[in-house]
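Single-structure report; data block below.
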Amino acid sequence: MPRARATSPRECPRCRGTVRPSAASKRESRKSSPTCAVSTPPPASPKTEEAMLDVQLLRADLAAVAARLATRGFALDTATFEALERERKDIQVRTQDLQARRNSLSKQIGQAKARGENAEALLAEVSGTGDETKRLEAELANVQAKLADFLLELPNLPQQSVPLGKSEHDNLEVRRWGAPRTFGFAPCDHVEIGERLGGLDFAKASKLSGARFALMRGGVAGLHRALAQFMLDTHTREHGYTECYTPYLVNAATLTGTGQLPKFAGDLFHVTKGEYAEDEEAGHKYYLIPTAEVSLTNLVRDEILAPERLPLRLTAHTPCFRSEAGSYGKDTRGMIRQHQFDKVELVQIVRPEDSHAALEELTGHAEAILRRLELPYRVLALCTGDIGFGSAKTYDLEVWLPGQNAYREISSCSNCEAFQARRMQARMRNAQGKTELVHTLNGSGLAVGRTLVAVLENYQRADGAVDVPEVLRPYMGGVGELRPA
RNA sequence: GGAGAGGUGGCAGAGUGGUCGAAUGUACCUGACUCGAAAUCAGGCGUAGGCAUACGUCUACCGUGGGUUCGAAUCCCACCCUCUCCGCCA
């Protein structure tokens, strides 16, 4: 690495937008009806939310931002921000004054020379300022990089309808669908079922790669493929999504746009081109996508969209690669938590005023898959302490797993509002002709591996066979059951 | 892997050191003409940011990052990307 450059990701959160003090948020009552009272959009205009984490808002009402970030367990370092801002302002004003003076004098020199006049006096006046200008410019770049780094580490602000809480235990169940089946025998978990079918082999996978990989064979592999096909077909034909095939290797700017970088580099896998060393220039480095949300959402990076093109509804079936750092010992059995798994992802790019409704809609699209597969599930509104880094509001779908006697996450649907759009500079032209950040949403529709687990466990029979769900049979050449080998 | 060409505003396309943030065309917006439209004419029309209550003003941006210079789209270096031809390859 020839020169050590300050780590400044290509994107920096340049921000604009209306500044509105956030009203004190009152948590919605929890005793409300089993369906989603909590999902009612807050009365405040979406504009309020859109401005969130805009540096303008931090300048205008730092205390309010800190208070709302605190609800999700993030301690905003207000002193550091204020100090950086003070420094930035001072240096920026001085730098720009100096640049303006230099530009003006240089222009005069040009004009003088064009007229054939002597410009010595002007030259003498400007020549001494060069070093000072360079010094200030460097200083400014430095403080702005620090500020950008600071802002890139800030998580999104939760919507006011998000239940307050510290951890996953405080998530709010919004609704349930279907009833767990009662078995006339002790249900097995998918590892046992899969091995009996000769279709799941974790020993072979670990020989090839190591822990947290799976090998599927025969009918189980076919069922896995059928699930992905069924999901894609449903979303494209019935929910209005456009199917995409995307790169699985992406660059750092792309991952910064959706929020995985710089903060979560440890959760990712990366690769380099054969001849380049690990730590070569960033340009040679690729990251394996942890979800197709990354590639799909970044399609609008650095774009200004015509509003009539919105909403964009995109879907893709891709493998996802996650290092699962920090989850040692968690879900080590079976294929619940893998380094590589397939997912059909749903992404929507919408106008700011539409994103609340779009989250409900998108969550419904993911639910439709579970319903068609007749898998019992429940919907959780994640609490402030449990929502993801870039999310303003998230619903998790949890499917019933008889083998674990528990509901387990199978989809996560989030409204990121302008958070990713600001990082990506993804905008639209509004009615006033001004650029305005779009809102982005994403959700699994669904995680294919976990859906396979759910099918195996919910459709298992006492004789060790597994019934194929009705809707998948056309994808399985009419096969109605998988039998033990 | 080898050889060559190129990256400028929504698009096309000028611009090889100085009133260039950028000609011209086209698209788009406004106005005039018209019953209306077309055509024509006039004007406007990039993005981000700073300062200012505001009128406004300043800064940055011509693939990216450095460098030379009073001054860089223009000169130098590195990198990225695109295209063409040859080779190899699913």
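Note: hydrogens, waters and symmetry copies are ignored here, and every other heavy atom, side chains too, is used. Below, chains carry the letters A, B, ... as their sequence lines are ordered, and counting in each starts from 1.
Within the nucleic acid shown, A/Ala100 comes within 4.0 Å of sugar-phosphate atoms alone, with no base atom in reach, counting heavy atoms only. Residue contacts for A/Arg59: at a heavy-atom cut-off of 4.0 Å it reaches the sugar-phosphate backbone alone, with no base atom in range. Using a 4.0 Å heavy-atom cutoff across all strands shown, A/Gln111 reaches at least one base atom of the nucleic acid. Using a 4.0 Å heavy-atom distance criterion, A/Ile109 is classed as a base contact.
At whole-Å resolution of the value, CG in A/Asp97 and P in B/U59 are 10 Å apart. Nucleotide B/G46 holds its P atom 10 Å from the NZ atom of A/Lys434, rounded to whole Å. When the C1' atom of B/G50 is taken as reference, atom CG of A/Leu136 falls 15 Å away, rounded to whole Å. The separation between A/Asp302 atom CG and B/C62 atom P is 15 Å, rounded to whole Å. Distance A/Asp131 CG to B/G67 C1': 15 Å, rounded to the nearest Å. Atom CG in A/Leu249 sits roughly 13 Å away from atom P in B/C81 (whole-Å rounding). Per the geometry, CD belonging to A/Glu125 stands 15 Å off P belonging to B/C70, to the nearest Å. Note: CD (A/Glu85) to C1' (B/C51) measures 13 Å, nearest angstrom.
One P atom belongs to B/C33, the other to B/A27, and the distance between them is 23 Å to the nearest Å. Annotation: B/C83 and B/A72 have their P atoms spaced 33 Å apart (nearest Å). A distance of about 42 Å separates the P atoms of B/U26 and B/C79, rounded to the whole Å. One C1' atom belongs to B/G67, the other to B/C86, and the distance between them is 36 Å to the nearest Å. Across B/G10 and B/U68, the matching C1' atoms stand 35 Å from one another, rounded to whole Å. Rounded to whole Å, the C1' atom of B/U53 lies 28 Å from the corresponding atom of B/G44. For the C1' atom pair drawn from B/U34 and B/A38, the interatomic distance equals 10 Å after rounding to whole Å. B/A42 and B/C77 have their P atoms separated by 46 Å, given to the nearest Å.
Distance from the side chain of A/Arg88 is smallest for B/G50 among the nucleotides B/G18, B/G50, B/U59. If you check B/C70, B/C58, B/U19 against the side chain of A/Arg102, the one that comes closest is B/C70. Considering only side-chain atoms of A/Gln99, the nucleotide from B/G50, B/A60, B/C70 that sits closest is B/A60. For A/Gln92, the side-chain atoms get nearest to B/G50 when compared with the rest of B/G50, B/G71, B/U19.
In this structure, A/Glu82 and A/Glu85 have side chains that are not in contact, with every pair of non-hydrogen atoms separated by 4.5 Å or more. Inter-residue side-chain proximity for A/Arg372 and A/Phe230 is flagged as met; some heavy-atom pair is nearer than 4.5 Å. For the pair A/Val126/A/Gln108, no side-chain contact is recorded, criterion being any heavy-atom separation below 4.5 Å from C-beta on.
In terms of position on RNA chain B, the residue among A/Ile304 and A/Asn103 whose nearest nucleotide sits closer to the 5' end is A/Ile304. Nucleotides of RNA chain B nearest to A/Leu123 and A/Arg115 differ in position, and the one nearer the 5' end is that of A/Arg115.
In this entry B/C33 has no Watson-Crick or G-U wobble partner, no candidate having both defining distances under 3.5 Å. Across all strands shown, B/A38 has no partner, as no Watson-Crick or G-U wobble contact with both distances under 3.5 Å is found. When both distances must be under 3.5 Å, the Watson-Crick or G-U wobble mate of B/G4 is B/C83. Remark: B/A12 base-pairs with B/U24. Criterion, Watson-Crick or G-U wobble with two distances under 3.5 Å. With a 3.5 Å ceiling on both atom-pair distances, the Watson-Crick or G-U wobble partner of B/U59 is B/A48. Pairing partner, B/A90: none, since no Watson-Crick or wobble contact has both distances short of 3.5 Å.
A sub-4.0 Å separation between OP1 or OP2 of B/A48 and a side-chain N or O of A/Arg422 is absent. Look at A/Arg427 and you'll find a side-chain N or O under 4.0 angstrom from OP1 or OP2 of B/A48. For the pair A/Ser106 and B/U69, the criterion of a side-chain N or O lying under 4.0 Å from OP1 or OP2 is not met. OP1 or OP2 of B/U47 has at least one side-chain nitrogen or oxygen of A/Arg429 nearer than 4.0 Å. An OP1 or OP2 oxygen of B/G50 is reached within less than 4.0 angstrom by a side-chain nitrogen or oxygen of A/Gln56.
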### A/Asp233 vs A/Glu238, side chain to side chain contact (heavy atoms under 4.5 Å, CB included): CA-CA, chis, key distance, verdict
CA-CA 8 Å; A/Asp233 283 348; A/Glu238 296 174 37; over 6 Å; no
### Task
Start with the C-alpha gap between A/Ile91 and A/Glu87, add the side-chain angles, then the distance that decides, and say whether side chain to side chain contact (heavy atoms under 4.5 Å, CB included) holds.
CA-CA 6 Å; A/Ile91 298 173; A/Glu87 200 185 347; 3.9 Å; yes
### Message
Using side chain to side chain contact (heavy atoms under 4.5 Å, CB included), reason through A/Arg313 and A/Leu346 one step at a time and then give a plain yes or no.
### Response
CA-CA 7 Å; A/Arg313 292 193 185 90; A/Leu346 303 174; over 6 Å; no
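Below the 3.5 angstrom threshold, one finds no donor paired with an acceptor across the side chain of A/Lys107 and the base of B/G18.
With no hydrogens or angles considered, no side-chain donor-acceptor pair links A/Asn103 and A/Ser106 at under 3.5 Å.
Aromatic ring pairs are classed by plane angle as parallel below 30°, tilted from 30° to 60° and perpendicular above 60°; the pair A/His235 and A/His239 is tilted.
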